[in-house]
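Note that the structure is a prediction, hence the values are computed from the model and not measured. Just follow the structure's listing: the first ligand is 1, and inside any ligand the first atom is 1.
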Amino acid sequence: MPRISNKGVSMPESPIRKLVPFAEQAYKEGKTVYHLNIGQPDIKTPQVALDAVRVHSLDILAYTRSEGSEGYRIKIADYYAKNDIHVKHDDIIVTTGGSEALLFAFGTVMDVDDEVIIPEPFYANYNGFSTASGVKVVPVISKIEDNFALPPIEEFEKLITPKTKAILICNPGNPTGYLYSKEEIKKLARIVKKHDLFLIADEVYREFTYDGATHYSILQEEGLEDYAIIIDSVSKRYSMCGARIGCLVSKNKEVIKTALKFAQARLSPPTLAQIASEAALETPQSYFDDVIVEYEERRNVLIEELNKIEGVQVGNPKGAFYCIAQLPIKNSDAFAQWLLESFHLNGETVMVAPAAGFYSTPGVGLNQIRIAYVLNVDSLRKAVNILKEALKAYKD
Ligand SMILES: Cc1ncc(COP(=O)(O)O)c(C=O)c1O
């Protein structure tokens, strides 16, 4: 049989999806499974977005321009202006989800064997995108004891080599929920300018900030125009994960010119989904106000309930809708599988994401899980109670 590529063999499985067969088996056995494992919000998509695809006037479902339809990009630029991020529509390339924006960014600024420094734990698919691009992830460890704050700048500087091309951050963070402060962004700005690196910021959770905290974008930082690349997406903002629309934003013309060539190779982002995403920009502020209240309440309940379980340590997320919980166990891969295969409380169990896949340093995060608080408060309480009882029963 012909041989699979080395790249294919080393491509990591998603830690979020690899337990799916065990969940399916649990459903077959009649168990109810609370999904704390995946960032698929249960919040309704704004009606304006759904209506726009219901009553469109297209005769042909044609390609759009590779960089996305002009009308949509002009409106995205308006959206950024409202968020005090001042870009033009031609600083934006519409992509097939934030996922494709990440691939384009990696392809645009890094060659095979180049290095990208990423504070870990980080969004697990950064490992996959790096492998796909032949790029090496160099992790800089952020710690649960510090609530996953930006590691000291000296830690970054120790890791910079001639092969380092970029620093990638996720703000607010998946899986940590950490929201970088303006001061932390300024520190990163100084370091990328000093070492002539790109700063890629995955800001797909920009709106999801709690306790009155506000998000500070890398494109709000003056002097970072040539260095900054934003990754964005409609998936979480409007609960439109299935639309598959995101964008890459940079004021660096060479970055946009190069990313556009990657965009041309795949022809066009999805046309109907751009129509929905353009309409979604009309979503009233009240939608977000309600959503933030809901997530903040969920966060409060989740953290309070987790803190009541003996031996569990958890940070206090200020943004996004995830947290990392450290459990009194040795191996969360085995624990997560056991929860689905062998445990239930009155016919109910939970699915969590083992955290090791959110680290690239081997052996780190083995006793941690990521929890997505994408369930309503009642379900969250039930799910944490199941976790509590499971921890009492589990032997590893
Ligand atoms: C931090 C982060 N970046 C990017 C993505 C990619 O999302 P999408 O491709 O749906 O836009 C996700 C999805 O969960 C994410 O959590």
Tell me, do Asn252 and Phe198 make a side-chain contact under 4.5 Å, heavy atoms counted? yes

Whether the Glu304 and Asn300 side chains hold a donor-acceptor pair (N or O, under 3.5 Å, no angle test) is what I'd like checked. no

Measuring from atom NZ of Lys253 to atom OG of Ser250, what distance do you get when rounded to the nearest 0.5 angstrom?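 Interatomic distance, Lys253 NZ to Ser250 OG, rounded to 0.5 Å: 8.5 Å.
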
Between OH of Tyr80 and NE2 of His89, what distance do you get to the nearest 0.5 Å? 14.5 Å

Any ion pair linking Asp290 and Lys44 (charged N to carboxylate O, less than 4.0 Å)? no

Lys143/Glu145 ion pair, N-O < 4.0 Å: no

Among Ala320, Ala243, Pro175, Ser99, the residue with a heavy atom nearest to atom 7 (O) of ligand 1 is Ser99

With side-chain contact (heavy atoms from CB on, under 4.5 Å) as the test, pick out the partner of Leu248 among Leu103, Ile230, Ile229, Leu260. Ile229

Looking at Gly97, which atoms of ligand 1 are within less than 4.0 Å of one of its heavy atoms? 9 (O), 11 (O)

Show me which atoms of ligand 1 lie under 4.0 Å from any heavy atom of Cys170. 1 (C)

So which heavy atom in the protein is nearest atom 14 (O) of ligand 1, and how far is it from that ligand atom?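 Of every protein heavy atom, Lys236 NZ, 2.8 Å lies nearest to atom 14 (O) of ligand 1.
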
Please report which non-hydrogen protein atom sits nearest to atom 4 (C) of ligand 1, along with the residue it belongs to and the distance in Å to one decimal place. Asp202 OD2, 3.5 Å

Contact (N/O only, under 3.5 Å) between [X] and ligand 1:
X	result
Ser233	yes
Ser235	yes
Cys241	no

Does Arg244 approach ligand 1 within less than 4.0 angstrom via side chain, backbone, both or neither, non-hydrogen atoms only?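 The part of Arg244 near ligand 1 is the side chain, not the backbone.
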
